[in-house]
Amino acid sequence: MSELRRLTGRGRALARRLLGLPPRTYWEGRKDFRYFAEVTRMARAYAAAAETVLDVGPHQTTFVTQLSWIRHKTAIDLHNRPKMRGVQGIRGDFMEFEPPQRFDLVICLQVMEHLVEPAPFARKLLRDGHRVIVSVPYRWPKGQCKYHPQDPVDEDKIKAWMGRDWLEHAIVEDAGMRRMVAVYES
């Protein structure tokens, strides 16, 4: 274990994985998931000229910092004020949040499945951003996660929440679990 302490960043995470140890942080255990790479790809394709981005419900992740070409980053979370270098963190209820202007890009990853009423939330995402990228668990069986009242989520369900078709969507698998990533124009 003392050798593990001498490693830093990715090396430590990889060593923990190889040794069968749990990740040290929530983000460390998820940051290499393919759906994040898909979100980044879509953001580059559909929001290459974005100057502003809002991350809604990042929990304990720092994903928004990976969108390096976007100068002004904001993150809002209901339970914790996001603390990331170069990101304005807001602790608050997204449904009560009134931004001074629309964001070029809004991302909301793995949040809507937790909501009892996701449709009004989804429509607010579209009002607050010119482009919106969301991810949801894809067809996870009902009851697999006790915190997901919306499972199973499929294409029809997310279309109903968003009230429109996506520009593009993809199904991505990580650790045997599938997620759907979709990008919208508002």
Side-chain angles (χ1 to χ4, degrees), residues 27 30-31 33-138 150 153-172 174 178-186:
W27 178 234
R30 290 159 175 76
K31 67 183 176 183
F33 280 6
R34 282 180 247 173
Y35 83 92
F36 289 119
E38 185 62 23
V39 172
T40 301
R41 184 194 68 74
M42 287 182 179
R44 283 194 185 281
Y46 294 95
E51 288 286 322
T52 59
V53 61
L54 173 66
D55 186 354
V56 179
H59 188 51
Q60 298 170 8
T61 71
T62 60
F63 172 76
V64 72
T65 63
Q66 294 179 17
L67 304 176
S68 59
W69 71 96
I70 303 175
R71 290 180 31 161
H72 303 285
K73 299 172 182 71
T74 305
I76 183 169
D77 195 274
L78 182 61
H79 301 292
N80 302 297
R81 182 179 159 266
K83 295 176 184 165
M84 296 171 260
R85 182 179 297 242
V87 178
Q88 178 189 359
I90 300 168
R91 179 181 180 185
D93 185 339
F94 172 67
M95 293 302 289
E96 296 173 6
F97 175 62
E98 292 298 329
Q101 59 195 35
R102 290 177 82 194
F103 289 86
D104 296 323
L105 176 64
V106 172
I107 59 172
C108 183
L109 312 178
Q110 303 302 118
V111 173
M112 291 191 295
E113 67 277 6
H114 294 273
L115 305 175
V116 175
E117 293 290 330
F121 188 91
R123 308 292 167 82
K124 183 165 179 1
L125 293 171
L126 292 166
R127 280 194 312 274
D128 287 355
H130 295 287
R131 296 286 165 96
V132 175
I133 300 174
V134 298
S135 74
V136 292
Y138 182 68
Q150 298 302 325
V153 180
D154 61 11
E155 292 90 346
D156 291 336
K157 192 175 272 192
I158 198 165
K159 280 183 185 180
W161 296 345
M162 300 302 287
R164 68 189 65 203
D165 287 329
W166 48 70
L167 297 171
E168 180 184 354
H169 85 292
I171 309 301
V172 181
D174 287 300
R178 294 187 303 168
R179 290 174 177 84
M180 182 168 61
V181 180
V183 59
Y184 296 86
E185 185 169 48
S186 58

(request) Could you check Phe63 against Thr40 for side chain to side chain contact (heavy atoms under 4.5 Å, CB included), going step by step and ending with a plain yes or no? (result) CA-CA 9 Å; Phe63 172 76; Thr40 301; 3.4 Å; yes
(request) Can you run down the salt bridge (Lys or Arg N to Asp or Glu O under 4.0 Å) pairs that involve residues 105-130, sequence neighbours left out, and say none if there aren't any? (result) Lys124-Asp128
Of the non-hydrogen atoms in [X] and [Y], which two are nearest, and what is the gap between them?
| X | Y | result |
| --- | --- | --- |
| Ile107 | Val39 | CG2-CG1, 4.4 Å |
| Gly129 | Arg102 | O-NH2, 2.9 Å |
| Met162 | Ala122 | SD-CB, 3.3 Å |
| Ile76 | Gly92 | CG1-O, 3.6 Å |
| Pro58 | Asp55 | CB-OD2, 3.4 Å |
| Ala47 | Trp69 | O-NE1, 3.1 Å |

(message) Tell me which one of Gln110, Glu38, Met112 satisfies side-chain contact (heavy atoms from CB on, under 4.5 Å) with Ser135.
(response)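 Testing Ser135 for a side-chain contact (heavy atoms from CB on, under 4.5 Å) against Gln110, Glu38, Met112 leaves exactly one candidate, Gln110.
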(message) Out of the candidates Val136, Asp154, Val134, only one should pair with Met180 under the side-chain contact (heavy atoms from CB on, under 4.5 Å) rule; please name it.
(response) Val136
(request) Kindly check if the number of other-residue, nucleotide or ligand heavy atoms within 6.0 Å of CZ (Arg41) is above 12? (result)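 Result for CZ/Arg41: enclosed.
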Taking ring-ring contact (aromatic ring centres under 6.0 Å, His included) as the test, write out the residues that go with [X], two or more places apart.
| X | answer |
| --- | --- |
| Tyr46 | none |
| Trp166 | His169 |
| His114 | His148 |

Please report the interatomic distance [atom1]([X]) to [atom2]([Y]), rounded to the nearest 0.5 Å.
| X | Y | atom1 | atom2 | value |
| --- | --- | --- | --- | --- |
| Asp165 | Lys159 | CG | NZ | 4.5 Å |
| Leu54 | Ile90 | CG | CD1 | 7.5 Å |
| Thr62 | Lys73 | OG1 | NZ | 11.5 Å |
| Leu78 | Glu96 | CG | CD | 9.0 Å |

(message) Val56 vs Phe97, test: side chain to side chain contact (heavy atoms under 4.5 Å, CB included). Steps then yes/no.
(response) CA-CA 11 Å; Val56 179; Phe97 175 62; over 6 Å; no
(request) Without swapping roles, check the side chain of Lys157 against the backbone of Gln150 for a donor-acceptor pair under 3.5 Å. (result)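 Yes; at least one donor-acceptor contact below 3.5 Å.
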(request) Could you name each residue pair satisfying side-chain hydrogen bond (donor to acceptor under 3.5 Å, both in side chains) that touches residues 81-93, not counting sequence neighbours? (result) none
(request) Please list, chain by chain and in numerical order, all residues satisfying side chain to side chain donor-acceptor pair (under 3.5 Å) with Thr74, sequence neighbours excluded. (result)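 None.
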(request) Answer yes when Arg131 and Asp104 have at least one side-chain N-carboxylate O distance shorter than 4.0 Å, and no when they do not. (result) no
(message) Set out, in order, the CA-CA distance, both residues' side-chain angles and the distance that settles side chain to side chain contact (heavy atoms under 4.5 Å, CB included) for Tyr184 and Leu125, then state yes or no.
(response) CA-CA 10 Å; Tyr184 296 86; Leu125 293 171; over 6 Å; no
(request) For the pair Cys108 and Phe94, evaluate side chain to side chain contact (heavy atoms under 4.5 Å, CB included) and give the outcome as yes or no after the intermediate values. (result) CA-CA 11 Å; Cys108 183; Phe94 172 67; over 6 Å; no
